[in-house]
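Some notes on the structure that comes next.
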Amino acid sequence: MTRDEIQAQSLDKIKRLSIFMIVGYGIIVIVAIMGITLFAVRRYDALLTDKVSSMTSSLNSQLRINLDSYLDRMEKVGTLAYSVDNAYTYDATDASNDEYEALNTEKQISDDLYSLCLMENFVDYGIVYRNNHTVGKISNGTTTLFGENLFSDLDKMVTRERTHDGWYTGYGDSYERIYYVKRIHENALFCISFYTSELDGVFENPDNLEDMEIRLTDGSYKMIYSSEKDELGSKLPDNLLEGIDGFSSGVNVGKNDLVSVDRSSGSWYVICSIPTAIILKEAGDMKLYILLAAIVAAILAVGAGAVFIRRIADPVATVTSGLSAEIREDGFEGVLGNRYFRDKCQSIVNKTSAKEQRAVVLMEVDDFTGLIAKIGRDEADKQLTKMLLVIGQVFRDAEVKGRVAESTFAVLTRAYKEDEADGFRGEIERSCDLVCKMFAETITTSTMGTLKVTATVGAGLYPLSGSDYTDVYDSALTALDEARAQHKGSYTIKL
């Protein structure tokens, strides 16, 4: 369909179907407003989620720092044991020890250790020797839990080679206590422990995130600490573990929960979670306000648009129709401009079957620029008008007429009978020759004397010159160039 046909249909719709324009405008407005509204609502949800994610991540990092600081403080308190006389040098496994002196030394060490452990709420604060002998505060719960493996299993908890110490919990699936072990010498280990409930002060939940759950897990995601009850020692729920498994830090926004994770220096994981439903709860009222505002805006826009379209539909159709004709026609009534001529011819030729025959004929007023210089623009333009008269007489049944350059006109014509190709070619040759003869004349001027005015013609045939409009037009253009080069006032048909 050509631009002319599309434009004609559009103008017809403006004139006859203004009601549908209103409906269409209303749909566009509603869809646009609702689209923007939904986008705004989703962006609000996303921004709120991002904000909470950032807050949770920051809090998680702060809790991890608090934990590391707490553990570091416990280690520093533990190192005070080295200030106790004989604690670093005494070895209870040495068979050469004097029994009396050993008792006195151990009592002195034990008293000093007891005085130091009063600074913190330790369960254990003492020294364990390779023969499982203990000095200081080593609780019955610890000795019962470890049994005969007290020294050997505590020794396995020394995992940091550089500092000869380590943190551990979950021994015998008991997560009630956290142990810190530091090697004093080859046969002695310093051990401290405290209940995991002591971490309540470390993992204090802020009021603005009171619904957030805080957990501390070991490397296998078993819970060392949980703000929820009855979770100690159990595995982190799958819905929380999904998305953070294997990550040392990060935030995962799942379908039901927002989960953040951060690994401490002791290779434990601080994990914070909050249900997404709680995050988006406060967005509910805002969504309602946004939707109500969008509905009101849509009603007002559709109403105003309906009135506006009703008032301007008919004047616009009239003005546009006149402008369309002016744009389509290139200075002469019924003569299309280059673009419209090309589009319409292309639409016709490209739909033409191989059995039909058509021709594109280009006609050029020779040396039009020279004519303007010699006889003036007004007189030269009369030659263009004359050319159109000649075209109208020779190509009475032309399908399309156009002006493809300032002094070049073109027509698309076809054979009305199923003639042989040579027959149609002969017809076009006669028409081209007739144009050259009818247009040619000699004019007399007062300043330039006599001037000979001629026209050169080139033609291309379908399907002999090409299989589509572009090929046929290019053939006609080549024929025009050859005719001009051969002799002005002549014609050529290019095959």
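Counting from 1, the numbers follow the sequence of the chain as shown.
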**Study point:** Expected output: side-chain Asn97 to main-chain Glu99 donor-acceptor under 3.5 Å
**Key:** no
Check your understanding: Under 30°, 30 to 60°, or over 60°: which ring-plane class applies to Tyr171 and Tyr168, parallel, tilted or perpendicular?
Key -> perpendicular
Exercise for review: Would you sort out whether Phe122 and Met74 count as a side-chain contact (heavy atoms from CB on, under 4.5 Å), showing the intermediate values?
Suggested key: CA-CA 10 Å; Phe122 290 119; Met74 294 298 102; 3.5 Å; yes
Study note, to complete from the structure: Separation between CG (Leu150) and OG1 (Thr144), nearest 0.5 Å, reads 10.0 Å
Check your understanding: Is there a donor-acceptor contact under 3.5 Å linking the side chains of Asp112 and Gln108?
Key -> yes
Practice item. Decide if atom CG of Asp238 counts as having more than 12 heavy atoms of other residues, nucleotides or ligands within a radius under 6.0 Å. Key: no
Check your understanding: For the atom pair OG (Ser57) and CG (Asp262), what is the distance rounded to the nearest 0.5 Å?
Key -> 7.0 Å
Practice item. Supply the atom-to-atom distance Asn256 CG to Ser273 OG, rounded to the nearest 0.5 angstrom. Key: 11.5 Å
Exercise for review: Check whether any side-chain heavy atom of Glu106 lies under 4.5 Å from a side-chain heavy atom of Tyr90, and answer yes or no.
Suggested key: yes
Check your understanding: Is there a side-chain contact (heavy atoms from CB on, under 4.5 Å) between Val181 and Trp167 once you walk through the steps?
Key -> CA-CA 7 Å; Val181 181; Trp167 287 94; over 6 Å; no
**Study point:** side-chain contact (heavy atoms from CB on, under 4.5 Å) between Leu232 and Glu176, intermediate numbers included
**Key:** CA-CA 8 Å; Leu232 200 64; Glu176 292 182 353; 4.2 Å; yes
Review point. Is a salt bridge present between Glu399 and Arg358, judged by a nitrogen-to-oxygen distance below 4.0 Å?
Key: yes
Practice item. Verify the distance criterion only: is there a donor paired with an acceptor across the side chains of Asn187 and Asp91 at less than 3.5 Å? Key: yes
Exercise for review: Taking atom types as modelled, find out whether Asn121 and Glu198 have a side-chain donor-acceptor pair closer than 3.5 angstrom.
Suggested key: yes
**Study point:** Spacing of CG belonging to Leu412 relative to OG1 belonging to Thr352, to within rounding of 0.5 Å
**Key:** 7.5 Å
**Study point:** Ring centers of Phe151, Tyr129 separated by less than 6.0 Å
**Key:** no
Check your understanding: Can Asp155 and Arg183 be counted as an ion pair, charged N to O under 4.0 angstrom?
Key -> yes
Practice item. Take Val270 and Val261, measure what side-chain contact (heavy atoms from CB on, under 4.5 Å) needs, and give me the verdict at the end. Key: CA-CA 6 Å; Val270 179; Val261 60; over 6 Å; no
Exercise for review: Compare all side-chain heavy atoms of Asp257 with those of Asn239 and state whether any distance is below 4.5 angstrom.
Suggested key: yes
Exercise for review: Supply the atom-to-atom distance Leu240 CG to Glu213 CD, rounded to the nearest 0.5 angstrom.
Suggested key: 7.0 Å
Practice item. Would you give the length of the straight line joining atom OH of Tyr179 to atom CG of Leu189, rounded to the nearest 0.5 angstrom? Key: 13.5 Å
Check your understanding: With Tyr180, which of Thr169, Asp165, Leu71 fulfils side chain to side chain contact (heavy atoms under 4.5 Å, CB included)?
Key -> Asp165
Review point. When the ring centroid of Tyr175 is compared with that of Tyr225, is the distance short of 6.0 Å?
Key: no
**Study point:** Heavy-atom side-chain proximity of Lys235 to Met223 below 4.5 angstrom
**Key:** no
Exercise for review: Side-chain contact test, heavy atoms from C-beta onward, threshold under 4.5 Å: evaluate it for Arg339 versus Arg342 and give yes or no.
Suggested key: yes
Review point. Which atom names give the shortest non-hydrogen contact between Tyr114 and Gly136, and what distance separates them?
Key: OH-O, 3.7 Å
Exercise for review: Tell me whether the centres of the aromatic rings in Tyr70 and Phe194 are closer together than 6.0 Å.
Suggested key: yes
Check your understanding: Can you check whether Arg160 reaches Val158 side chain to side chain, under 4.5 Å on heavy atoms?
Key -> no
Review point. Is it the case that Ser139 and Thr142 place a side-chain donor and acceptor less than 3.5 Å from each other?
Key: yes
Exercise for review: Examine distances only and state if a side-chain atom of Asn149 and a backbone atom of Ser152 form a donor-acceptor pair shorter than 3.5 Å.
Suggested key: no
